[in-house]
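See structure below.
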Amino acid sequence: MKKPLLEFTNKGIYCAAANVYLDPWKPVDKAIITHGHSDHSRWGHKQYITHHTNIPIIKHRLGDINVSGRAYGEIFSINNVKFSFHPAGHIVGSSQIRVEHKGEVWVFTGDYKIEDDSLSVPFEPVQCHTFITECTFGLPAFKWIPQQEVMSDINEWWAQNQSEGKTSVLFGYSLGKAQRLIQHLDPSIGKIYTHGAVENMNEVIRTIVDLPTTTLITNQTKKEELSGNIIIAPPSVHGGTWIKKMVPYVTASASGWMAFRGARRRRAIDKGFVLSDHCDWEGLLSAIQETGASKIISTHGYTDIFSRYLREIGYDALTEKTQYEGVLSEIETEKGSEVIK
């Protein structure tokens, strides 16, 4: 039986022909990394290769690492295996990894979305034979509302809270979601304040793309300064002491999980906005179709349901277990300090 170009091992996705791993979850000699969230870029590898815009992000998170960068579409060879990065549209600096050897082409997506958020480089379909895809939201029930409509609702919510003399606290993961929200908030309504975890990441992202002006909340920030304005904070601060100085405040969360009935109530927040940095059901299916791939491997999310459907419509589809966690890893990332080990 022919050995597959990419294998799923206990350390990660392994290319034996090049002796290199893609987004490995255990320490290895050489790792090719799709993006900066903690389940895909882990500490402990001897050498990292990633898209050049992801370098400041993973250095911020992982510290002093041995890392080199490549441009989108730039082909680099390791032991005669050709690799290249292509836009994933997930967050700033995110990539798919194309792998080619002896006429066979595989694409590993990492995490991705097909909607253009006007911040990250938009998703680019890459022709291949085998496509390794996430399916975090791989259920027909997930159908995203266009970003423009969601952000219009968020800005209206903020303006309404302001008219009632309340501070708006909007939760979003500090790497990716927070910057997407900030990019589309209406600064004519008021001032955009940030939690430290968000502002630290903003400083890194600003070396890559432009972001609107934000103001860090410090111990010297007075409650009166926050009144009527909006605060972008990681979900982990909800219910803690940090948020108490914002009273009176109204809370909201921006997440794909807000599409689930009862999610807002379970998280004890006042308002939920459905906004995800991952594909919905139709996005996954359209992305797969555009690759022209006949074999589809689902790695994390609703893998069994999604793969079963793909088989029903004619794909050679299977699932593989990994340690990728989708949005759960984003929660871990936003908890972190400068370095995560």
Side-chain angles (χ1 to χ4, degrees), residues 6 12-13 15 18 20-25 28 30-43 45-78 81-100 105-128 131-134 173-180 183 201-211 277-279 287 291 299 324 326 329-330 333 340:
L6 297 179
I13 300 173
C15 179
V20 66
Y21 288 83
L22 314 186
D23 288 0
W25 46 84
V28 300
K30 185 174 291 186
I32 303 179
I33 303 298
T34 60
H35 68 283
H37 283 142
S38 62
D39 56 336
H40 290 264
S41 58
R42 306 203 183 206
W43 184 82
H45 310 313
K46 291 183 180 178
Q47 181 183 356
Y48 296 74
I49 305 171
T50 192
H51 187 262
H52 65 84
T53 56
N54 191 40
I55 290 177
I57 294 170
I58 63 173
K59 277 192 157 186
H60 171 76
R61 288 194 52 252
L62 303 178
D64 186 16
I65 56 174
N66 175 18
V67 58
S68 60
R70 300 288 189 276
Y72 287 131
E74 176 186 348
I75 297 172
F76 57 100
S77 295
I78 304 173
V81 181
K82 295 178 180 178
F83 296 89
S84 55
F85 292 110
H86 301 267
H90 175 54
I91 61 173
V92 172
S94 63
S95 302
Q96 306 168 79
I97 302 170
R98 182 184 185 274
V99 186
E100 180 181 353
V105 179
W106 290 48
V107 169
F108 170 52
T109 59
D111 290 324
Y112 68 105
K113 70 174 183 293
I114 63 170
E115 183 177 32
D116 182 359
D117 59 18
S118 78
L119 194 64
S120 54
V121 179
F123 174 82
E124 172 189 297
V126 181
Q127 293 289 300
C128 58
F131 188 63
I132 303 175
T133 180
E134 63 144 313
Y173 308 123
S174 63
L175 171 54
K177 185 65 63 61
Q179 291 76 38
R180 186 179 180 188
Q183 181 79 351
M201 190 56 67
N202 285 351
E203 291 178 5
V204 177
I205 299 297
R206 283 192 174 99
T207 67
I208 306 166
V209 297
D210 291 331
L211 282 177
D277 291 331
H278 301 259
C279 290
T291 67
T299 57
Y324 307 136
S329 74
E330 295 160 28
T333 299
I340 296 177

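Values reported hereafter were calculated over all heavy atoms of this structure, with side chains retained and with hydrogens, waters and symmetry mates removed.
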Residues T50, I58; criterion side chain to side chain contact (heavy atoms under 4.5 Å, CB included); working and verdict: CA-CA 9 Å; T50 192; I58 63 173; 4.0 Å; yes
Nearest-0.5 Å distance that lies between atom SG in C128 and atom CD in E100: 11.5 Å
Residues L22, I132; criterion side chain to side chain contact (heavy atoms under 4.5 Å, CB included); working and verdict: CA-CA 11 Å; L22 314 186; I132 303 175; 5.9 Å; no
From C15 atom SG to I97 atom CD1, the distance as rounded to the nearest 0.5 Å: 10.5 Å
Whether over 12 other heavy atoms sit under 6.0 Å from D64 CG: no
Minimum side-chain heavy-atom gap S38-R61 below 4.5 Å: yes
Side-chain (S68) to main-chain (I49) donor-acceptor, under 3.5 angstrom: no
Whether H35 and H37 hold their rings parallel, tilted or perpendicular, with breakpoints at 30° and 60°: perpendicular
Check: T53 side chain, I208 main-chain N or O, donor-acceptor pair, under 3.5 Å: no
Inter-residue atom distance F131.CZ - W106.CH2, 0.5 Å rounding: 13.0 Å
Distance-minimising heavy-atom pair for G89 and S94: N-OG, 3.7 Å
Whether E74 side chain and F83 backbone form a donor-acceptor pair below 3.5 Å: no
Side chain proximity check, D39 to W25, heavy atoms < 4.5 angstrom: no
Q183 CD to D117 CG distance, which is reported to the nearest 0.5 Å: 8.5 Å
pair I13-D23: side-chain heavy atoms closer than 4.5 Å: no
Derivation and outcome, side chain to side chain contact (heavy atoms under 4.5 Å, CB included), residues T133 and V107: CA-CA 9 Å; T133 180; V107 169; over 6 Å; no
Mutual orientation of the aromatic rings belonging to H40 and Y324 [parallel < 30°, tilted 30-60°, perpendicular > 60°]: parallel
Side-chain heavy atoms of Y112 within contact of T34, under 4.5 Å: no
Close side-chain approach of Q179 and L211, heavy atoms under 4.5 Å: yes
Nearest atoms (heavy-atom pairs only) where S41 meets G36: OG-O, 3.1 Å
I91 side chain near S120 side chain, heavy-atom distance below 4.5 Å: no
Distance, nearest 0.5 Å, that separates CD of Q96 from NE2 of H51: 12.0 Å
Non-hydrogen side-chain atoms of D277 and R180 separated by less than 4.5 Å: yes
Note, L62 side chain near Y48 side chain (heavy atom, < 4.5 Å): yes
Spacing of NE2 belonging to H278 relative to NE2 belonging to H90, to within rounding of 0.5 Å: 4.5 Å
Shortest non-hydrogen contact between P87 and P122, atoms and distance: CB-O, 3.0 Å
